[in-house]
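Heads up: the structure comes next, in structure tokens.
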Amino acid sequence: MTENTKRDYKDTVFLPKTDFPMKAGLPQKEPGIAERWDEIGMYERLREARTAREKFILHDGPPYANGDMHIGHALNHVLKDAVVRTQTLLGKDAPYVPGWDCHGLPIEWKVEEQYRKKKRDKKDVPPAEFRAECRQYAAHWVEVQKEQLKRLGIGGRWDKPYLTMRPEAEAQIVRELHKFAETGQLYRGAKPVMWSPVEETALADAEVEYHDLTDSPQIDVAFEIMESPIAELVGAHAVIWTTTPWTIPVNQALAYGRDVEYELLHLNRLPKEKRFGISHILVASDLKAATLGRLGIDARDVLTDWQGSGSDLAGTMVRHPMQHLGGFYATPRPLLAGDFVTTDSGTGLVHMSPDHGEDDFELCRKHGIDPVFAVMADGRYRDDWPWLGGDDERRRSVINKPFNAPDGPICSDLREAGALLSASADYRHSYPHSWRSKAKVVYRCTPQWFIAIDEPKEHLDGKSLRETAMQAIADTRFIPAKGRNRLASMVEGRPDWLISRQRAWGVPIALFVHRETGKLLVDREVNERIAAAISRETVDAWHENSAAEFLGPDRNPEEFEMVTDILDVWFDSGSTHAFVLESEEWPELSSPADLYLEGSDQHRGWFQSSLLESCGTRGHAPYKSLLTHGFTMDAKGMKMSKSLGNTVNPLTVMEQYGADIIRLWALTVDYTEDHRIGEEILKGVGDQYRKLRNTFRYLLGALPERDELHNGTEKGSSGTYAPIAVGELPELERYMLGELAALDERLRQAVADYDFGAYVRALTEFASEDLSAFYFDIRKDCLYCDGPADPKREAYLAVLDVLFHALVRYAAPVLVFTAEEVWTTRYPQTVDEGGSVHLLEWPVLPDVSGMDTARWEALRALREDVMEAIEPLRREKIIRSGLEAEVTVPESAVPAGFDDAELAELFITASVERGQEIAVTKTDNHKCGRCWRLLPSVPEDGALCDRCEDVVAQLDEAA
RNA sequence: GGGCCGGUAGCUCAGUUGGUUAGAGCGCACCCCUGAUAAGGGUGAGGUCGGAGGUUCAAAUCCUCCUCGGCCCA
């Protein structure tokens, strides 16, 4: 046999063979795969495949149709897609209809910007044309985002997404509004709302952002006390402090705190020029020092003439500093007790203008003081206003900086009236600004439409909308659980829902108000005429048709006012359950949804608007459970912003790494908290991806090219593993099937918990630890060197087949593209058949119940000890590989039922025998020229062992 | 400024009702293999569990304060 020592046995070894490349090239490959899904009509195929199955409805919250997809969209949609795909894999019918929010200010703003660029005045544009432009603008971004989401591998009904601007949707939104009107939950009120004088519109809370200012004005103003139960106070001056001088012309009262302590300070000791012509001032004791400081008065120079608590001030009246103007200013202003008064800043006395503050409005309303609507939409005082209104050339918008400055008209007039005690422009605080124009906003009282939150309603079983919503929250499942508290506390504390906007691009508040009585017209026939018209002609119907057409012949159009406000876009999106889930247009959907899934900011947004809309009209939430995710930060955990330049663009990541990498990232991080993304993290995700990819590559390489395992039958895209007789398998094979079953269980649990991090981790650790480092490593010799018909080798391949079919399905919801690539590599006919890995269902595994896994866990622990014991010999270069080691293990450490030969195979060593303690020596055996094992049956290095001798003989014979 | 949430190895994450030397995967270092090869295997080094107090026989786990970060609100 000496000639054999020179023979190269490489071609007698069964090495893995596959066309599946190690390097993924995802950015190049993915678009083609997505395209094929489109071509085969994946969504319809899935609906067909899951006909009559239990449904799982994830309702998409509509992103705003404005701009490219950003990382937040990517995370959100990958999570949604993972939910839909895992539920589908479990065999449920999980349709997904993506949607977009299309109305609203940001789009209007963009369209106006385009007009400005064309030097065209918006006021010259006919409203219908303007709305048409907005519609076109939104449609453009819907298409852009749609393509970007498809590129991300998101599956859904892309041929018919829902848009809030579809006429059918607009009509249904109006119908929902009418439901509120018909049940008496809608009212027109006057309330101070956040108002932007620049955009001339009321703003929602979400449209306002706070910026820190360092140069705000602050002034102290003296109001002379006319009458008071406290005799000493008469003739003295109450001092108020404010950062908004422009509200002084609309002052109607002062507020004090009942429990706050006040002092009357005597200024007579001061030199005359420091006294402002005033003898006494009234301020809170706690703020005395701060106030005197602003007034430039040394506290040692003043005496306290009177001291008392706020409640003593009841019944005190002051006069406005501009009393000499008469009219509005001639009325005495009362001092009122306000719960909101604190001694944190100011003077402890707060000037009240019901037009321009929430606290002010409420307190004044209690005392019968009404707002006067002095400030117009553009921020200037109205034409007939006696101070700084009309033709006063100094008239400006109230947010105009010079207007409020210490040398501006307000301060100058107050100074002249002897009422201005201090004025500067150096105050630091945060102040609300419009998120679009970045200009300052103000509180301004305007007529607005509201949905009442606390009125008990018959159709809600005598409960209020708030109570109904609180009950619905109690009935909802929250993932993670902390969301419940967050939503509940917001609903508990929120005010009535302000739903009107004075803008152009939106669903109209299509209502009639009787001019004489001011009452809302509630007539179902009229309402249905309105909705029907909108459903035919879009929202233009309301603006372009005459009142008479809606009112019908029985009513005189002259008697009714058509409301021209439009709806808050939150009302639009809050109605999606009505015009999407309940709509005939998407028969695959139903309501309520099993799940809404959005970022945690939507506790105040969509989760809440949907809840209120549905509770107000249907008495329950439109969802059974709510899943919220945190926000994506940069690599250091800091918020991403364009100005900081630390944004990560998912489109770029897809180009560089591929969509499967972003998906793997999104499903690995803890979405319940804020999480990070960055180069290092993506690199780590890429490593994890490669581990999974190589596991599939190994399986594809080891498994027969033609499907011999299936006895020649072509299983194709509906294929599953070949039937196997579990009882006849070697124990290692049965153990691995048991481990696979354990993995299966972990994965099912992770799906039930929406815990995708646990899902991916279980999958990766299984691939890495159980397969690569254990099972595949042990069976490498068997796969390469045993004869093709060897029962052990066949058993191994059978188990690899099971593993393949299970793992490719498990991976499919995560690595949507790679799983498809894996599947079509093994079953190329899938492509012609129009099949896909994504049409398959959760694997059914061979039953291996009753396995004694404890024995194997002990075995693996021992295996680790053996590896550790071998290491010193390798370090000292006594041996190089474990195959050269003869190992002794303590009898007591070996689980029952393993013989020495099995142990040597499992430990991948030359031999194993029992002894007192773990010991390792170098073997004297020779190395088999084919399998490279060092065995007693090998006569000399390079010769064959018994097993290889047989196999080579067989092969030579066949050749 | 207020409410809520969070800060465990370089990275992503586990750490059940407080209880033995705080774990995993990846990365890293070193080694082996060169017949999964820009792959595979082995060993190892990394953490004062954001910081400071406190409760307790015992705290990453409970309490207080501080700090950093985030969301929402003002």
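Every chain is numbered from 1, with letters handed out A, B, ... down the list of sequences. Just so it is clear, the values below take in all heavy atoms, side chains as well, and ignore hydrogens, waters and symmetry mates.
- Relative to the ring axis of A:Phe631, A:Lys639 does not place its NZ or CZ within 45° and under 6.0 Å from the centre.
- Between the CZ atom of A:Phe774 and the C1' atom of B:rG42 there is a distance of 15 Å, rounded to whole Å.
- A gap of 32 Å separates the P atoms of B:rU55 and B:rA14, to the nearest Å.
- A straight line from CD of A:Gln608 to P of B:rC4 spans 17 Å, rounded to a whole angstrom.
- Taking atom CD1 of A:Ile879 as the reference point, atom C1' of B:rC32 lies 10 Å away to the nearest angstrom.
- Summarising the geometry, the separation between CG on A:Asp601 and C1' on B:rC71 is reported as 8 Å, rounded to the nearest angstrom.
- Across all strands shown, B:rA52 pairs with B:rU64; the Watson-Crick or G-U wobble distances both stay below 3.5 Å.
- Both A:Thr668 and A:Ser881 lie near RNA chain B, and the one whose nearest nucleotide falls closer to the 5' end is A:Thr668.
- Pairing each heavy atom of A:Ala910 with each of A:Leu934, the nearest pair is CB-O, 3.6 Å.
- If you take NE2 of A:His433 and P of B:rA74, they are 15 Å apart, rounded to a whole angstrom.
- By the rule that a glycosidic angle within 90° of 0 means syn, B:rG25 does not qualify and counts as anti.
- A residue-by-residue look at A:Glu769 and A:Gly637 shows that A:Glu769 has its nearest nucleotide of RNA chain B further toward the 5' end.
- Nucleotides B:rU61 and B:rA22 have their P atoms positioned 14 Å apart, rounded to a whole Å.
- Taking 4.0 angstrom as the limit, A:Arg761 places none of its side-chain polar atoms (N or O) nearer than this to OP1 or OP2 of B:rA24.
- A salt bridge links A:Arg947 with A:Asp781: the closest approach of a Lys/Arg side-chain nitrogen to an acidic carboxylate oxygen falls below 4.0 angstrom.
- A sub-4.0 Å separation between OP1 or OP2 of B:rC71 and a side-chain N or O of A:Lys482 is absent.
- Between A:Phe631 atom CZ and B:rC4 atom P there is a gap of 19 Å when expressed in whole angstrom units.
- Of the P atoms belonging to B:rG51 and B:rG10, the separation is 13 Å, rounded to the nearest Å.
- To the nearest whole angstrom, the two P atoms, one in B:rG54 and one in B:rU12, are 33 Å apart.
- Within the structure, every side-chain polar atom (N or O) of A:Arg486 is placed at least 4.0 Å from both OP1 and OP2 of B:rC71.
- When Watson-Crick and G-U wobble pairs are counted only if both distances are under 3.5 Å, B:rG25 pairs with B:rC11.
- Using a 4.0 Å heavy-atom distance criterion, A:Glu673 is classed as a sugar-phosphate-only contact.
- Between A:Asp687 atom CG and B:rG10 atom C1' there is a gap of 13 Å when expressed in whole angstrom units.
- Contact check on A:Arg693 versus A:Glu821 returns a salt bridge, with a Lys/Arg side-chain nitrogen under 4.0 Å from an Asp/Glu carboxylate oxygen.
- Residues A:Lys636 and A:Asp634 share a closest heavy-atom pair of N-OD1, 2.8 Å.
- Using a 4.0 Å cut-off between charged nitrogen and carboxylate oxygen, A:Asp786 and A:Arg779 do not count as a salt-bridge pair.
- A:Trp932 qualifies as a stacking partner of the B:rG35 base, centre to centre under 5.5 Å and near-parallel within 30°.
- Between A:Lys691 and B:rG40 there is a side-chain polar atom (N or O) within less than 4.0 angstrom of OP1 or OP2.
- Nucleotides B:rG3 and B:rC49 are separated by 27 Å at their C1' atoms, to the nearest Å.
- Distance NZ (A:Lys639) to C1' (B:rC72): 11 Å, rounded to an integer number of Å.
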